[in-house]
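In what follows, a structure is listed as structure tokens, so that the remarks can point back to it.
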Amino acid sequence: MSKLALALAALPLPALAQTPPQVEAMRRAVAADAHRNEELLERLVTQNSGTLNLPGVKAAGEIVRAELEPLDFAVQWVEQAKVGRAGHVVARHKGDGRGKRLLLIGHLDTVFEPSSSFTGFRREGGRAIGPGVGDDKGGVVIIVAALRAMQAAGTLKNADITVYLTGDEERTGEPPEKAREGLVAAARASDIALEYENLATDNGVEYGTVARRSSTSWELKTSGVTGHSSGIFGESLGYGAIYEMARILDGFRRELPEKNLTYNVGVMAGGTPAALDAAGVAASGSGKTNIVAETAIARGDLRTLTPEQDARVRAKMAAIVAQHLPKTGATLTFFDGMPPMAPSEGNRALLATLNAVNRNLKLPEMPEYDPAKRGAADSGWVAAIVPTLAGLGPVGGKAHAEGEWVDLSSLPRQAIRNAVFLTRLSKEPRSR
């Protein structure tokens, strides 16, 4: 064996994950595909895929299918009628069975339903503007672009990769556990999960996302004895539903604060009677100034960083609710949304590997992003199962709002960064 061969054999496998010629092949492929990738982004954004536009979500999935099948992915449309949603795209690439199995997560749907006034796709300078352009259609484009670059460099052939694009990330079907059972199963069959929502940036610095907080909704109902207001605070009427509601919410404000925790009250009403609509977004109440309120109702959200924090805060909220004012009652109900993506050593190890890639590509290293500044995402469903890194999509802004945009120059940068990153991870030996 030659000295060079002996030296190469002594290197750890990740260091051999991609040779300079392979990286250059990826660079050339990404550069050659620049117009094609922007055109794919335009087609995806132009196709409305608001979560409740079921045919539109499926049409977006078909656009992606046409991109993945030529890369030797077996693409499946998984119907989700059982949870009231369109479905998911699940695409599997079979490699040589030796390297780490990668799960790439994105979503097809947006918050912009067909009734939205924010439509179309346009370019302004170096930006692309349109509904869902960053959240998450730009992320989907980066997945496709990185995989094409890997194919051009010959590193996709032996890689075991599953692409899982949900059709209801913005409004998960009910029950959510059923809507995400396939994603959870895919995580159990993988070694690493990578999520392609927007890249976190602040003052020009690009960050790695090793943690995200949860997103849970809650509903608080209070009751009281109604009657003439002259009897308020007395033995027969007590304090009424609105004072009980005020006590509890102020208790939340004073007693719950801790790091990485937020709890918002989004809508509320009180009176005789008071109610929320079936969707929990419109409140109504009626009454008079001289009538003690019989009912009050409020809805809000709860965001936590770890399952332990979530359980602890819920218990504290329940304890506050239980301390009733005289002649009142209250109930607190939680509606689980997305679990937290808790920080872990496995997640941080992935960021360390990504930063090794950044150094090789002469890109700035990426520090950890503050999880309190990130919303919830589908990565929360898998992070307790496998090491997970999030926010690998494009640079953008104004997500969920009119004027949503992405920086088009971030598409090729993220494509090459991810192509090299995926190649390196796919060549690491499996541990199970």
Side-chain angles (χ1 to χ4, degrees), residues 171-172 174-181 184 187 209-224 238-270 274-276 279-281 283 293 295-347 370-385 388 390:
R171 294 183 66 178
T172 307
E174 294 288 343
E177 293 79 9
K178 192 71 174 175
R180 288 296 174 271
E181 63 181 0
V184 170
T209 299
V210 300
R212 286 181 177 272
R213 295 188 302 161
S214 65
S215 177
T216 296
S217 296
W218 51 264
E219 181 177 278
L220 176 64
K221 291 182 179 180
T222 61
S223 59
Y239 281 71
I242 291 178
Y243 274 112
E244 173 71 345
M245 175 68 72
R247 175 196 69 79
I248 294 169
L249 296 181
D250 190 56
F252 290 172
R253 179 188 66 83
R254 290 183 292 103
E255 299 181 37
L256 295 181
E258 60 180 76
K259 187 177 180 180
N260 294 317
L261 171 69
T262 55
Y263 41 94
N264 180 58
V265 185
V267 60
M268 64 182 295
L276 289 174
V281 297
T295 307
I297 188 166
R299 275 208 179 192
D301 77 351
L302 173 67
R303 295 176 185 267
T304 57
L305 185 59
T306 66
E308 293 78 15
Q309 183 182 44
D310 192 76
R312 182 177 65 253
V313 172
R314 290 191 191 202
K316 289 173 70 174
M317 292 173 73
I320 292 168
V321 169
Q323 299 167 19
H324 305 302
L325 292 170
K327 299 292 184 179
T328 67
T331 60
L332 178 64
T333 304
F334 292 97
F335 305 94
D336 289 333
M338 291 184 179
M341 175 186 163
S344 71
E345 290 309 307
N347 298 358
D370 181 356
K373 296 180 179 180
R374 295 234 64 163
D378 276 333
S379 47
W381 288 98
V382 305
I385 303 169
T388 304

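Only this structure's heavy atoms are used, side chains among them; waters, hydrogens and symmetry mates stay out.
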Only distances under 3.5 Å count here; give the side-chain donor-acceptor pairs of residues 315-329 to other protein atoms, sequence neighbours excluded, each with its distance to 0.1 Å.
| from | atom 1 | to | atom 2 | distance (Å) |
| --- | --- | --- | --- | --- |
| K316 | NZ | E255 | O | 3.2 |
| Q323 | NE2 | A319 | O | 3.3 |
| H324 | ND1 | E244 | OE2 | 2.9 |
| H324 | ND1 | V321 | O | 3.2 |
| T328 | OG1 | E244 | OE1 | 3.4 |
| T328 | OG1 | L325 | N | 3.3 |
| T328 | OG1 | L325 | O | 2.7 |

*For R212 and G375, indicate whether the former's side chain and the latter's backbone hold a donor-acceptor pair under 3.5 Å.*
yes
*Does M341 reach the side chain of R374, with side-chain heavy atoms less than 4.5 Å apart?*
no
*Can you name the nearest heavy-atom pair linking A342 to T306, along with the distance?*
CB-CG2, 4.0 Å
*Evaluate the side-chain proximity of T295 to K221: yes if any heavy-atom separation is below 4.5 Å, no if none is.*
no
*Can you see which heavy atom on V184 is nearest to which on W381, and at what distance?*
CG2-O, 3.9 Å
*Considering non-hydrogen atoms only, spot the tightest contact between P176 and G337 and give its length.*
CB-O, 4.3 Å
*So how far is it from L305 CG to D310 CG, rounded to the nearest 0.5 Å?*
10.5 Å
_Test side-chain hydrogen bond (donor to acceptor under 3.5 Å, both in side chains) applied to S214 - qualifying residues, sequence neighbours left out_ = T304
*With rounding to the nearest 0.5 Å, note down the distance linking CZ in R303 to CG in L261.*
11.5 Å
*Report the residues that fulfil ring pair (Phe, Tyr, Trp, His ring centres under 6.0 Å) with Y263, sequence neighbours left out, ordered by chain and then residue number.*
none
*Tell me, yes or no, whether the heavy-atom count around Y243 atom OH, taken from other residues, nucleotides or ligands under 6.0 Å, exceeds 12.*
no
*asked:* Whether the side chain of W218 engages the backbone of T333 through a donor-acceptor N/O pair (distance < 3.5 Å, no angle test) should be reported.
replied: no
_If I compare all heavy atoms of R213 with all of T262, which pair ends up nearest, and what's the gap?_
NH1-OG1, 3.1 Å
*Identify whether NZ of Lys or CZ of Arg in R314 sits under 6.0 Å from the centre of the six-membered ring of F334 and within 45° of that ring's axis.*
yes
*Would you find a donor on one side and an acceptor on the other, under 3.5 Å apart, between the side chain of N264 and the backbone of D301?*
no
*T172 to A179 - nearest heavy-atom pair and separation*: CG2-CB, 3.9 Å
*Out of curiosity, S215 OG to D336 CG, how far, rounded to the nearest 0.5 Å?*
10.0 Å
*Residue pair T222 / A330: nearest heavy atoms and the distance that separates them*: CG2-CB, 3.9 Å
